[in-house]
2 protein chains.
Amino acid sequence: MSRDKLQKLEMLENLSQSLHKYGMRTVLFQQNMAQKMGVVHTDLKTAEILNETGPITAGELSRITGLSSGSVTALIDRLEKTGYVMREKDEEDRRRVMITPIQKRQQQIKDHFVSLAEATKEACSTYNKEELAVILSFVEKVTKIMDHENEKLMVERENGN
Amino acid sequence: MSRDKLQKLEMLENLSQSLHKYGMRTVLFQQNMAQKMGVVHTDLKTAEILNETGPITAGELSRITGLSSGSVTALIDRLEKTGYVMREKDEEDRRRVMITPIQKRQQQIKDHFVSLAEATKEACSTYNKEELAVILSFVEKVTKIMDHENEKLMVERENGN
DNA sequence: AATGGTTATCTTGATAATCGAGATAAAATC
DNA sequence: GATTTTATCTCGATTATCAAGATAACCATT
C-alpha cells in the first residue's frame, strides 16, 4: 500500500475515534441539561425527538426510544402533566393516540441550547464557505450512518435480541 | 451586511442544526447499544467515560455523571459485579477509592462499536486528505466546545442549580 | 354482520436505579 | 490535639422502567 494511502487510513481512524469522543460528550451534555431543566433524561430526549418528527403515535415513540408500551404511557403522562405535549385521538384509526408537542414548551427547550449553538457558530466562523460546505456534507453523512445503525439495532430488538 | 457574509451565516446556522440532529442520534445509539448489551444506559456511559479517562475516583465519577454519591456506589457495585471495573484503595489518600477499568471487558465494549466505526471510515474515504484535515479540526473544535459547555453545567450544578 | 386475529394503547404490580440524609473514617486546618 | 472538611458508603424512600395482561379498535374472511 502506498505511503499516501496509509496516511489517509490513519486520518480516517483518527477521525472515527474523535467523533466517538465527541458523541460521548453529547450524551453527557444532554444528561446535564436535563438535570438542569429538572426533568428526567428520557423526557428531554423524547421532547427532542418530537421536536424533529412532529406529532407521532405512542407506538412510534416506543419503537424509537426503545421503551416498553407501559413506560411510554408513563412517559407521556409526565410530559403531558408538565405541558410539553398533548394527547390527541387519531380520528382515522381510533386506537391510536397522537403525541403532539406544544410549541411554547418546545421553544423553552431550544432556549437552553442557545449557548451551545452560539459557541459552535462562533468557533466555526473561521472556516471559509468551501470548508463549511465540506463539513456540512460530513455531518449529514454521519447522521445518515447513525440513522442506519440505529435502524439495525431497532430491528434486532424487535426480532428478540 | 454583504451577500457573501449572509450566505456564510446561513451555512453556520445550518451546520449548528445538523450537528444537533447528529447529537440526538448519538444519544439514541448509545441507549440502543446499552440495551443490546443488556446493561443500563448509565453503566455503558460510565464504562465509556472510564475508557477515556483511565482510573479515576468515585468522587470524580459522581461529578462527571451527575449522580449522587449513593448512586455512584451502586453503579460501581454493578460494574464490579459484571467485571467491567475494580475498586482499588488509594494509598496516598485512604478515603479515596480508585475505579479502574478492566481491559478485557473494555475491549468487548469497543467490539460493539466496530460496525459504526467501519461505516464511518468507509463513508469518509471519499474525502481527500486536505478535506479530512479540515473535518478533523472541526470535530476536535466542537469537542472542546462540548467540554466547555459541560464544565459550565457541572459548575452550575455544584453551586446549587 | 359475525367471527377470529391482529394491532395500539393503557393498566397494574414488581423490579431496580436513583436520591437524600446520615454514618464512618481519613485528611486538612487551626 | 480538636475541629472542620472531604470522600465514600449505608440505608430507607422515591420513581422510572419493565412485563404481562386487559381493553378496545381495526381488518380480513366468510
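Per chain, numbering begins at 1; letters A, B, ... match sequence-line order.
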Pair B/R63 + B/E158: basic N to acidic O under 4.0 Å:
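B/E158 and B/R63: salt-bridged.
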
I'd like to know if A/R95 and A/D90 make a salt bridge, using a cut-off of under 4.0 Å between side-chain N and carboxylate O.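 Here A/R95 does not pair with A/D90 in a salt bridge, since their nearest N and O are not under 4.0 Å apart.
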
Subject >> Contacting residues from residues 43-56 of chain B, given that a heavy atom lies under 4.0 angstrom of DNA chain C >> reply: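 Listed by number, there are none.
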
Output the rounded distance in Å from [atom1] ([X]) to [atom2] ([N]).
X     : N      : atom1 : atom2 : answer
B/E92 : C/dA25 : CD    : P     : 22 Å
B/E88 : D/dA7  : CD    : C1'   : 17 Å
B/D93 : D/dC9  : CG    : P     : 13 Å
A/R94 : C/dA8  : CZ    : P     : 16 Å
A/R78 : D/dT14 : CZ    : P     : 17 Å
A/L79 : D/dT15 : CG    : C1'   : 15 Å
A/R63 : C/dA8  : CZ    : C1'   : 15 Å
A/D90 : D/dA25 : CG    : C1'   : 12 Å

| query | Cationic tip of B/K141 within the cone over A/Y127's six-membered ring, i.e. under 6.0 Å and within 45° of the normal? | reply |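 Yes; both conditions hold, so B/K141 lies above the ring face of A/Y127.
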
### Query
From A/L61 CG over to A/I64 CD1, what is the distance, rounded to the nearest 0.5 angstrom?
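Atom-to-atom, A/L61:CG and A/I64:CD1 are 6.5 Å apart.
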
| Using 30° and 60° as the class limits, which term best fits the ring planes of B/H41 and A/H41: parallel, tilted or perpendicular? |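 Parallel.
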
**Asked** How is B/T42 classified with respect to the nucleic acid when contacts are heavy atoms under 4.0 Å: base, sugar-phosphate, or nothing?
**Response**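 Sugar-phosphate contact only.
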
Note to self: Once you apply a heavy-atom cut-off of 4.0 Å, does B/L67 come out as touching a base, just sugar-phosphate, or nothing?
What the structure shows: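 B/L67: backbone/sugar contact only, no base atoms under 4.0 Å.
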
**Asked** Ignoring hydrogens and geometry, is there a side-chain-to-backbone donor-acceptor pair from A/E60 to A/T57 under 3.5 Å?
**Response**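 Yes; judged by distance alone, with no hydrogens or angles, the pair exists.
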
Next item on the list: Look at the side chain of B/S62 and the backbone N and O of B/L67, then say whether any donor-acceptor pair between them is shorter than 3.5 Å.
Entry: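 Such a contact is found between B/S62 side chain and B/L67 backbone.
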
Does the salt bridge (Lys or Arg N to Asp or Glu O under 4.0 Å) test come out yes or no for A/K21 and B/E48, once each step is laid out?
CA-CA 9 Å; A/K21 285 190 183 181; B/E48 294 238 76; over 6 Å; no

Would you say the rings of B/F29 and B/Y22 are close, in the sense that their centroids are separated by under 6.0 Å?
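No, the ring of B/Y22 stays outside the 6.0 Å limit from the ring of B/F29, centre to centre.
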
Atom pairs under 3.5 Å, N or O on each side, protein against nucleotides 9-14 of chain C: can you list them with distances?
residue: C/dT9; atom: OP1; partner: A/A58; partner atom: N; Å: 3.2
residue: C/dT9; atom: OP1; partner: A/V97; partner atom: N; Å: 3.3
residue: C/dT9; atom: OP2; partner: A/G59; partner atom: N; Å: 2.6
residue: C/dC10; atom: OP1; partner: A/R87; partner atom: NE; Å: 3.0
residue: C/dC10; atom: N4; partner: A/S69; partner atom: OG; Å: 2.6

